[in-house]
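These notes are about the structure you will find just below.
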There are 2 protein chains.
Amino acid sequence: MGINAVFEALSHPVRRKILALLKNGPLSAGELAGHFDLTKPTLSVHFNKLREAELVAVERRGTSLIYHLNTSILEEALAGLLSLKDPET
Amino acid sequence: MGINAVFEALSHPVRRKILALLKNGPLSAGELAGHFDLTKPTLSVHFNKLREAELVAVERRGTSLIYHLNTSILEEALAGLLSLKDPET
DNA sequence: ACATTAATTAGAAATTCTTCTAATTAGAGT
DNA sequence: ACTCTAATTAGAAGAATTTCTAATTAATGT
């Protein structure tokens, strides 16, 4: 896990778009899938990578799985990028 | 290329370490390679990905190739990450 | 022209990623 | 128990990534 999984998760455009969709509030797997021309199983794989990186958290509500953005991990990535720029850190 | 190539380039720990080494100033391919337990051809592949993403620029000095960090592209990545967090942007 | 140094490109092997279809799990309602 | 909806896991195909060794390019100096 750790920062490697985070940057790996951020490397795919579909996964970055998932995060962008979640920044306005939680969404179910099905709602998220509706924004892509990909099958649900394919999206599930992307959800898994985001979950392993802890960029998202999941909560079940009835038959739906609701995905939430984890902003604290996003901030870790931000800090990691900043540290590549500043000679101080 | 664009932002996809940038995030793809940032996804590998070796490439992030290369950028971290360059933040203190330009280094030659050989000097960079000295920091890794990898062959020079392997490092060349990583340099190419960073160059394609324009995260680094190259300049030849004699028989050496000097790599420079391109901070403006790093800022693009920063902005891209920030936009995943803020509901405004 | 030749040799040396620095670094690359070429080609191949092993692994990982992305995507699909088919099958399975999980919960809600009748 | 059965059915329906929501979403997952399993398995496989094709593409891309990472790494190596061997060969090549490029510039410098004798």
Side-chain angles (χ1 to χ4, degrees), chain A residues 1-22 25-70 77 84, chain B residues 1-22 25-70 77 84:
Chain A
M1 316 295 130
I3 200 72
N4 281 6
V6 173
F7 277 106
E8 172 60 35
L10 289 169
S11 72
H12 198 283
V14 164
R15 291 192 291 267
R16 288 198 305 280
K17 184 170 173 186
I18 290 169
L19 297 177
L21 289 164
L22 292 177
L27 291 169
S28 71
E31 288 170 328
L32 285 167
H35 289 83
F36 297 91
D37 266 352
L38 294 168
T39 64
K40 278 181 164 198
T42 295
L43 266 296
S44 267
V45 173
H46 288 300
F47 297 153
N48 270 327
K49 283 190 194 289
L50 290 169
R51 213 164 33 72
E52 279 163 29
E54 293 178 90
L55 278 161
V56 302
V58 208
E59 164 213 5
R60 180 178 280 280
R61 196 141 38 153
T63 63
S64 290
L65 290 176
I66 312 295
Y67 285 91
H68 302 253
L69 184 61
N70 185 349
L84 296 181
Chain B
M1 306 307 113
I3 200 71
N4 281 5
V6 174
F7 276 106
E8 173 60 36
L10 289 170
S11 71
H12 198 283
V14 164
R15 291 191 291 266
R16 289 198 304 281
K17 184 170 172 186
I18 290 169
L19 297 177
L21 288 165
L22 291 178
L27 291 170
S28 70
E31 287 169 329
L32 285 167
H35 289 83
F36 297 90
D37 264 353
L38 294 168
T39 64
K40 278 181 164 197
T42 295
L43 266 295
S44 267
V45 172
H46 288 301
F47 296 154
N48 270 328
K49 284 189 193 288
L50 289 169
R51 214 165 32 74
E52 279 162 29
E54 294 179 88
L55 279 162
V56 302
V58 208
E59 163 213 5
R60 181 179 279 281
R61 195 139 40 150
T63 62
S64 290
L65 291 175
I66 311 294
Y67 285 91
H68 303 252
L69 183 62
N70 184 350
L84 296 181

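Quick note on labels: first sequence line is chain A, next is B, and so on, each numbered from 1.
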Using whole Å, report how far CZ of Arg16(B) lies from P of dT18(D). 11 Å
Rounded to the nearest Å, what distance is computed from the CZ atom of residue Phe7(A) to the P atom of nucleotide dT17(D)? 18 Å
Only counting residues at least two apart or in another chain, list the ones meeting side-chain contact (heavy atoms from CB on, under 4.5 Å) with His35(A). Leu21(A)
Which whole-number value in Å describes the distance from Glu52(B) CD to dA16(D) P? 13 Å
Identify the heavy atoms of Leu10(B) and Ala77(B) that sit nearest to each other, and give their distance. CD1-CB, 3.9 Å
Can you list, pair by pair, the side-chain donor-acceptor contacts under 3.5 Å of residues 40-50 of chain B, counting residues two or more places apart and other chains?
| residue | atom | partner | partner atom | Å |
| --- | --- | --- | --- | --- |
| Thr42(B) | OG1 | Thr39(B) | OG1 | 3.1 |
| His46(B) | ND1 | Arg15(B) | NH1 | 3.1 |
| Asn48(B) | OD1 | Arg51(B) | NH2 | 2.4 |

Picking from Leu32(B), Leu55(B), Leu27(B), what satisfies side chain to side chain contact (heavy atoms under 4.5 Å, CB included) with Tyr67(B)? Leu32(B)
Could you tell me how far apart Arg15(B) (CZ) and dA16(D) (P) are, to the nearest whole angstrom? 15 Å
Can you tell me how far P of dA7(C) sits from CD1 of Ile66(B), to the nearest Å? 7 Å
How close do Glu8(B) and Ser11(B) get, heavy atom to heavy atom, and via which atoms? O-OG, 2.7 Å
note: His12(A), atom NE2; dA16(D), atom P; distance rounded to Å ~ 11 Å
Mapping Glu8(A) and Ser28(A) to their closest nucleotides on DNA chain D, which lands nearer the 5' end? Ser28(A)
Side-chain N or O of Thr39(A) versus OP1/OP2 of dT21(C): is the shortest distance under 4.0 Å? no
Scoring nucleotides 24-30 of chain D by protein non-hydrogen atoms under 4.0 Å (B base, S sugar-phosphate only, - none) yields --SBS--
Can you check nucleotides 1-3 of chain C for protein contacts, nitrogen or oxygen pairs under 3.5 Å, and list what you find?
none

Atom NE2 of His68(B) and atom CG of Leu22(B): how far apart are they, to the nearest 0.5 Å? 9.0 Å
Nearest heavy-atom contact between Ser28(A) and Ser64(A) is CB-CB, 4.4 Å
N/O contacts under 3.5 Å, protein versus nucleotides 8-14 of chain D?
| residue | atom | partner | partner atom | Å |
| --- | --- | --- | --- | --- |
| dT8(D) | OP1 | Tyr67(A) | OH | 2.4 |
| dT8(D) | OP2 | Ser44(A) | OG | 2.2 |
| dT8(D) | O5' | Ser44(A) | OG | 2.9 |
| dT9(D) | OP2 | Asn48(A) | ND2 | 3.0 |

Not counting sequence neighbours, which residues clear ring-ring contact (aromatic ring centres under 6.0 Å, His included) with Phe7(A)? List them please. none
Looking at every non-hydrogen atom in both residues, tell me the closest pair between Asn70(B) and Glu54(B) and how far apart they are. ND2-O, 3.1 Å
Nearest to the side chain of Ser64(A), heavy atoms from C-beta on, is which of dC17(C), dA7(D), dC20(D)? dA7(D)
Any side-chain N or O of His46(A) less than 4.0 Å from the OP1 or OP2 oxygen of dT19(C)? yes
note: Lys49(B), atom NZ; dT18(D), atom C1'; distance rounded to Å ~ 9 Å
Rounded interatomic separation in angstrom, taking CD1 from Ile18(A) and C1' from dA7(D): 14 Å
Determine whether Leu84(B) and Leu69(A) make a side-chain contact, defined as any pair of heavy atoms from C-beta on separated by less than 4.5 Å. no
Which atom names give the shortest non-hydrogen contact between Asn4(A) and Pro13(B), and what distance separates them? ND2-CG, 3.7 Å
Near Arg61(A) CZ, under 6.0 Å, is it more than 12 heavy atoms from other residues, nucleotides or ligands? no
